Structures are given as structure tokens and as C-alpha cells.
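One structure is given below, encoded as C-alpha cells.
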Number of protein chains: 2
Amino acid sequence: MSKGAEAGAGVVARRGRPARYSQDDLVAVVAQVFLERGYDATSMADLARASGLTKSTFYHHVSGKEQLLRLAVSRALDALDGVFEEEARLDDSPVHRLERVLRRTTEVLLAELPYVTLLLRLRGNTEVEREALERRRSVDARLAQLVQDARAAGQIRSDLEPRLVTRLLFGMVNSLVEWYRPDGSGASGVGHGSRDDEIVHAVVELALDGLHARRG
Amino acid sequence: MSKGAEAGAGVVARRGRPARYSQDDLVAVVAQVFLERGYDATSMADLARASGLTKSTFYHHVSGKEQLLRLAVSRALDALDGVFEEEARLDDSPVHRLERVLRRTTEVLLAELPYVTLLLRLRGNTEVEREALERRRSVDARLAQLVQDARAAGQIRSDLEPRLVTRLLFGMVNSLVEWYRPDGSGASGVGHGSRDDEIVHAVVELALDGLHARRG
DNA sequence: AAATCAATACCGAACGTTCGTTCGACAATA
DNA sequence: TATTGTCGAACGAACGTTCGGTATTGATTT
């Protein structure tokens, strides 16, 4: 991400044959296939077929498999960074900040599902993956800080270790990528009936108040 | 693979050179490598090297990459099935059953980490994977039933959809595989300071009572 | 006790396939 | 004519797997 020159919004060919596919469109298609088959198990032939192109034509539009992964996970990381940028502009009590970040992060995850899914599945096998994982760790760290602040302010329970709580909370949020499919009929056959806002509400409620029936 | 005659429990050589590696030992090594590099990204050469064997010798002891995955995820599924078998022998109120299954499932996950991790990462690309996913779905279904029962008994809150709650709860538990490493210094550089019982306690507490500071 | 045998552990080399990627040529447009 | 989209064919590398042969052992036979 040192040079961000390649990804304007819609790179349109100014001469020659009109471009049928923008870079972003292709990344969207690619991410979807990665999401279904897994990155390693997806071949360039798979990606080309899903884009309606031959392998060689596909290579005319993209620079390679690893760069495609890079573009996709960068989309997720940019969106997640955005959550904390919004948050920095607001002033609120620690627990309310935590709740809002929890809510917004969940919303971003649902909105950018394929990209976030790819990000969460990285194993750090290549340099591209390791760079992305480093950016992801910085997101985690900012979240852990929010938990710490809320705890220092006495607004959340203090009998559980903050780092552990942070991991469990965002583990719950991130687990959405395992079954949520934006379309009503999931391709993996899982399927669900939850609307986005219902999911976001359940996440925040469960995280803060737990599952027990309230006394009163 | 049409003939599955080769795999008894502990096939011990009755003659000739003593076997230095049992099937289970090899599966343990293999699962660890799968866990670190990811199944697809792991080559048979990687597995042989981790076992201290050449590729061809390694093939003398195992039947192939896919069968290794099968053995590994079966270990996880057997352990998870065991949790529900124990549970069936006990009689208790629904919410206590749910709490104990939550606790035992977390314990099993920590104890059988590499195997459960592999199970959770399956994408269903091959027949072996699809069979394992089907067994996994039956585990999920039994868990969902427990949530339903506790809700019907009025012991957990009824304002959240049971299927959604089930998924979020076990999403939180399953997310442990993303960072937990049994050894103090994780190979992925994550590292943590939590003991197993502390983690189990936090999971159950967070799930049932939530993060909010208790009033009183 | 020595020789023999069957079974197993082990290895280097190679197989056929699939992978990501490149290349040269042709078609279409400005 | 310059530029871009498209394509078939091929590249070297890496993959999972197989094979022929050798080394080492325990049991059996002499």
C-alpha cells in the first residue's frame, strides 16, 4: 500500500476498445470466488471463468493472483480503519465508544463481507499476507484500547482479562463471516433469515448484557 | 479410495522393522502443519519434512493428503460428539445443560485445537470435506436445540432469535482457534497469557452475563 | 549359531497433472 | 496508425503420487 496509484474509482480506457470491466468490478468477482472456494484452492482459470474471460484476457486486466488478494484485503482494512476514524471525531463515554465501534464494525463486516472474510483467513504465508496481518493487528490494538478504557472507567466488569475479552468479543463478530450470506439463499447451503440490523442488534446485546434472562 | 481396508486403530508391525511412527503420531504432526500453513498451502513435502521422513517414506505410512485431513477432522468430530454423549447421560435444567455444553465444548476445542481448527476451516471443496461438514452440521443442530430448550423454559432471554444466538455463541467459542496456542509462545507471534480454565470461565461468563458492569 | 526368509522401513527418481504466468498474433476502435 | 481487448498455445515450476530397489529387522529353519 505504499503506492496507491493503481486503484482509482473507475479506470476507464480512453482509447481502443471500451473496457468492459473496471478493476474494482473484477476484484469484487474475484473476492466472491475466493470466499467460496478459498484462496489457495482457487485457480486463475476459476477466476477467469467467473469473470467471463479467458485466462490470458483476464491477465490483461489484473496483475496476478497475489495482487488480487492484496487489493481485496485492502478494501476490508480501509473500511475497518474508517470505523476508527469516525470514532476519533466523536466524543463519548468509553463504554459508548466501545458499543458504537462494536456496532459499526459489525456493520462494516456485513457490508464488505467477502473482503473481510479473506482478511480473516490469511495465514501469513507470503509477504502480501504478512503486511495485511500487520495492518489487521493495528486494528485489533485500537479495539483493545477501547476495552481497556471502558474498564478503567468502571463501565464494564473488571473480573475478566481485557485482552481475553477483546478477543472473544471480536471473535464473535468475526464469526459472522462463517455463515452470513447477503443473499437469502446462501451458496454454501447454510441460509438464514436474519436481516442486517437484527444481527447487529443481537451482537451488541449479547456482548454487553449476555444471554441470561433479565431479572425484571 | 474405493477400498478403505487399510486403517485399523493401531496397526502395529508384527514382523520386520519396528514402526517408528504410529498413524496417530503422524496425524498429530500433520495437523500441526496444516494449522500453521493452511491445508491447501501445505505440500506433501512439507508434511514429510515435519515428520523427519522423505516424501516416499512418508507415503509408506499414510495413504494420501486427503485421507490425512479426514483422519484429523474425524478426531475433532469424535471429541465434539463425545460432549453431547456425556450430556445425554446427565439430567439437568436446560440452561445448565447449555452452560455445561458451552464449557465442555470450549475445553474440547482447546484440547484438540489443531483438529478442530481444521474442521472449522473446511470449505467443502472435496467429498471428504463435505462429509465432515455434514457431521459438523449435526453438532450445530444439537447445540441449537439446547438453546431452544433453554428459551422455551424461560431461562434465557427471548428477545433474540435462537438460531442467531446459537451461531454467535459458538462463533465466539470457535474464534479461539484464531489466536489460542497451547504453548506460551505462539508460533504465529500472537502469544497470550491465559490459562485454559481462565479462558473457559471467561467464555461462559461473557456468554451468559455479558460485558456490562453488574449493578450491585 | 548360522543361514534363510518374509515383511517392513526407507529412499531417489520419476510420473502425469495442474498451477500461475507469458507470449505472439489478431480484432476492434479512435 | 496507435492503442487496447481478446485469444490459443505454451512455458517452467510445483504438486500429489507411484515405482523399483535397497537396508534392516524378527521369526523360522538348518
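Computed from a predicted structure; not experimentally measured. Here is the naming used below: chain letters follow the sequence lines, and residue numbers restart at 1 for every chain.
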Non-neighbouring partners of A:Glu205 that pass side chain to side chain donor-acceptor pair (under 3.5 Å), sequence neighbours left out: B:Arg157
Presence of B:His61 side-chain N/O under 4.0 Å of C:dC10 phosphate oxygens OP1/OP2: yes
Base-contact (B) and sugar-phosphate-only (S) positions in nucleotides 14-20 of chain C, heavy-atom cut-off under 4.0 Å, - elsewhere: B----SB
N-O pairing of A:Glu86 and A:Arg104 below 4.0 Å: yes
Sequence-distant partners of A:Arg151, side-chain contact (heavy atoms from CB on, under 4.5 Å), two or more places apart: A:Ile156, A:Ser158, A:Pro162
Whole-Å distance separating the CZ atom of A:Phe58 from the C1' atom of D:dA9: 19 Å
Ionic contact status for B:Glu134 with B:Arg137, cut-off 4.0 Å: no
A:Thr57 side chain near D:dC7 phosphate (N/O to OP1/OP2, under 4.0 Å): yes
Dot-bracket encoding per residue of DNA chain D, Watson-Crick/G-U cut-off under 3.5 Å, | denoting interstrand: ||||||||||||||||||||||||||||||
Ring pair (Phe, Tyr, Trp, His ring centres under 6.0 Å) pairs, two or more places apart, involving residues 30-52 of chain A: A:Phe34-A:Tyr39
Nearest-0.5 Å distance, CZ of residue A:Arg49 to CE of residue A:Met44: 12.5 Å
Atom pair distance, as rounded to whole Å: NE2 in A:His60 and C1' in C:dA25: 14 Å
Between the protein and nucleotides 19-22 of chain D, are there any N/O to N/O pairs under 3.5 Å, and if so, what are the atom names and distances?
none

Presence of salt bridge, B:Arg167 and B:Asp140, under 4.0 angstrom: no
Nearest non-hydrogen partners of B:Gly124 and B:Arg130, listed with the distance: O-NH1, 2.9 Å
Lys/Arg N to Asp/Glu carboxylate O, A:Arg70 vs A:Glu129, below 4.0 Å: no
Qualifying residue, where the test is side-chain contact (heavy atoms from CB on, under 4.5 Å) with B:Leu47 and the options are B:Val62, B:Val29, B:Leu68, B:Leu53: B:Leu68
